[in-house]
Peer 1: 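Below is the structure I would like to discuss, written out as structure tokens.
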Amino acid sequence: NRLEPRPADLELDLSDADSQVDSALRATTSVLADLSHRLALVSAPPLETTMLRHVEVLLLQPRVVMVVVITSTGGVTKRLLTFEEPVDAGLAEWSAQYLNETLAGLRLGARLLRARFEDAALSDRERAFLERVRPAFTDVLEAEEQTLYVGGTAGVLDEFRTDELRTYRRLLEVLEQRAAVLDLLRASLGSKRPFVRVGPDLDDPDLAGVSLVGAAYGLQHMNLGTVSLLGPTRMDYEKAIAVVRAAAHELSRFVEELYES
């Protein structure tokens, strides 16, 4: 997902994000909003594209096991499991070793990951135990929704004229319905070039005076999310496109180091 180098006036330093994608996305949102005086929207990578980095299976009590899943983006999820009978400590230790050896580097949504829990080479006892800890991996995908970071809701008010305040209020209402905005951004995720959606393209008559300018970020073979600006249709499109392209370029560099390491 190679994008043109960022403009010199975009000072987006992600070195303090400490390998945490959410920190990088928050920083990007804040810088974009401050620089552009527009609403900045940054969508997080879908969780199913996140790679597994490490797994812990800890026997806390004879019948209580905690499974810790650490992803390549720095995310940590924990799940407590209670068994009917005392758990063999050796079995718990084996499962951690097996899961790390076979799952590390796989994406959460990969078919290969699911297959590791049903490997025919496993004994019935091993497969039964893995089936019990499996929800620690599957429930994460089912419970989590793609995150949308929003910045600049206060500052952008100055950019709307008095006769446009109804549009601004409607815009904030739409943002509260995150799913609709994410659907709109996902529709543009396949593009390798910056995109512009003006007024009628947003499928809401009350947003006829609003434009969305964005660019996708991600890996060379896969876009993971978008960086966008929302504002009045009379915005400076050349500057807006340059800014989102530059921010997407920096985010792409950041996630490539995490996902490909």
Side-chain angles (χ1 to χ4, degrees), residues 14-27 43-149 178-179 182 218-219 221-225 251 254-261:
L14 300 179
S15 59
D16 292 336
D18 192 29
S19 298
Q20 300 288 333
V21 168
D22 67 322
S23 297
L25 299 182
R26 289 181 194 280
S43 61
L47 200 62
E48 60 267 20
T49 67
T50 304
M51 292 182 182
L52 279 168
R53 178 62 54 80
H54 186 71
V55 178
E56 295 278 0
V57 181
L58 307 172
L59 187 59
L60 301 184
Q61 297 177 18
R63 296 189 299 114
V64 179
V65 169
M66 181 168 69
V67 182
V68 182
V69 179
I70 303 174
T71 67
S72 59
T73 60
V76 179
T77 59
K78 301 176 182 178
R79 183 180 176 93
L80 284 176
L81 301 168
T82 302
F83 290 74
E84 294 75 20
E85 302 291 336
V87 175
D88 182 344
L91 184 61
E93 185 177 346
W94 165 84
S95 69
Q97 182 177 351
Y98 171 81
L99 292 171
N100 279 302
E101 289 178 354
T102 60
L103 302 187
L106 296 180
R107 289 189 171 87
L108 278 174
R111 292 180 182 176
L112 193 56
L113 182 145
R114 296 192 291 272
R116 299 303 193 206
F117 289 88
E118 303 165 0
D119 193 328
L122 298 172
S123 69
D124 291 343
R125 182 165 171 262
E126 291 168 341
R127 198 177 300 111
F129 185 78
L130 291 179
E131 188 61 31
R132 285 300 309 275
V133 303
R134 188 173 180 175
F137 302 85
T138 56
D139 286 2
V140 174
L141 289 175
E142 295 171 1
E144 292 286 339
E145 293 182 356
Q146 189 176 5
T147 304
L148 178 69
Y149 296 85
R178 300 285 170 111
L182 284 168
L219 312 175
H221 61 286
M222 181 194 308
N223 287 339
L224 297 175
L251 271 180
F254 182 86
V255 296
E256 278 177 358
E257 291 181 4
L258 286 180
Y259 278 68
E260 305 294 356
S261 61

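Index from 1, following the sequence. All values below were derived from every heavy atom in this structure, side-chain atoms included, with hydrogens, water molecules and symmetry-related copies excluded.
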Peer 1: Rounded to the nearest 0.5 Å, how far apart are CZ of Arg134 and CG of Leu113?
Peer 2: 8.5 Å

Peer 1: Do any N or O atoms from the side chain of Arg63 and from the backbone of Thr82 form a donor-acceptor pair under 3.5 angstrom?
Peer 2: no

Peer 1: Kindly determine whether Arg127 and Asp119 satisfy salt bridge (charged side-chain N to carboxylate O under 4.0 Å, His left out), including the steps that lead there.
Peer 2: CA-CA 8 Å; Arg127 198 177 300 111; Asp119 193 328; over 6 Å; no

Peer 1: Under a 4.5 Å cut-off applied to non-hydrogen side-chain atoms, are Leu80 and Val64 in contact?
Peer 2: yes

Peer 1: Counting distance only, does the side-chain N/O of Tyr98 pair as donor-acceptor with the main-chain N or O of Arg116 below 3.5 Å?
Peer 2: yes

Peer 1: Going by heavy atoms in the side chains, are Gln61 and Met66 under 4.5 Å from each other?
Peer 2: no

Peer 1: If you count heavy atoms of other groups shown closer than 6.0 angstrom to CD of Glu93, is the number above 12?
Peer 2: no

Peer 1: Is there side-chain contact between Val76 and Val68, with at least one heavy-atom pair below 4.5 Å?
Peer 2: yes

Peer 1: Start with the C-alpha gap between Glu101 and Gln97, add the side-chain angles, then the distance that decides, and say whether side chain to side chain donor-acceptor pair (under 3.5 Å) holds.
Peer 2: CA-CA 6 Å; Glu101 289 178 354; Gln97 182 177 351; 3.2 Å; yes

Peer 1: Heavy atoms, side chains only, cut-off 4.5 Å: are Val55 and Ile70 in contact?
Peer 2: no

Peer 1: Would you list the pairs meeting ring pair (Phe, Tyr, Trp, His ring centres under 6.0 Å) in which at least one residue belongs to residues 99-123, sequence neighbours left out?
Peer 2: Phe117-Phe137

Peer 1: If you define the side chain from C-beta out and look only at heavy atoms, does anything of Leu130 sit under 4.5 Å from Ser95?
Peer 2: yes

Peer 1: Just do the side-chain contact (heavy atoms from CB on, under 4.5 Å) check on Val65 and Leu58 with the steps written out, would you?
Peer 2: CA-CA 6 Å; Val65 169; Leu58 307 172; over 6 Å; no

Peer 1: Looking at every non-hydrogen atom in both residues, tell me the closest pair between Val87 and Ala92 and how far apart they are.
Peer 2: CG1-CB, 4.4 Å

Peer 1: Using the side chain to side chain donor-acceptor pair (under 3.5 Å) definition, which of the options Glu56, Arg53, His54 pairs with Asn100?
Peer 2: His54

Peer 1: Shortest non-hydrogen contact from Val67 to Leu81?
Peer 2: CG2-CD1, 3.9 Å

Peer 1: Distance from Leu224 atom CG to Leu219 atom CG, nearest 0.5 Å?
Peer 2: 4.5 Å

Peer 1: Considering all heavy atoms of both residues, which atom of Gly218 and which atom of Val255 are nearest to each other, and what is their separation?
Peer 2: O-CG2, 3.8 Å

Peer 1: Can you tell whether the side chains of Glu84 and Arg132 come within less than 4.0 Å, N to carboxylate O?
Peer 2: yes

Peer 1: Is the side chain of Glu257 donor-acceptor paired with the backbone N or O of Phe254 at a distance under 3.5 Å, no angle test?
Peer 2: no

Peer 1: Give me the atom names and distance for the closest heavy-atom approach of Val69 to Ala136.
Peer 2: CG2-O, 4.1 Å

Peer 1: Looking at CG of Leu25 and CG of Leu251, how far apart are the two atoms once the value is rounded to the nearest 0.5 Å?
Peer 2: 6.0 Å

Peer 1: Do any N or O atoms from the side chain of Asp88 and from the backbone of Gly90 form a donor-acceptor pair under 3.5 angstrom?
Peer 2: yes

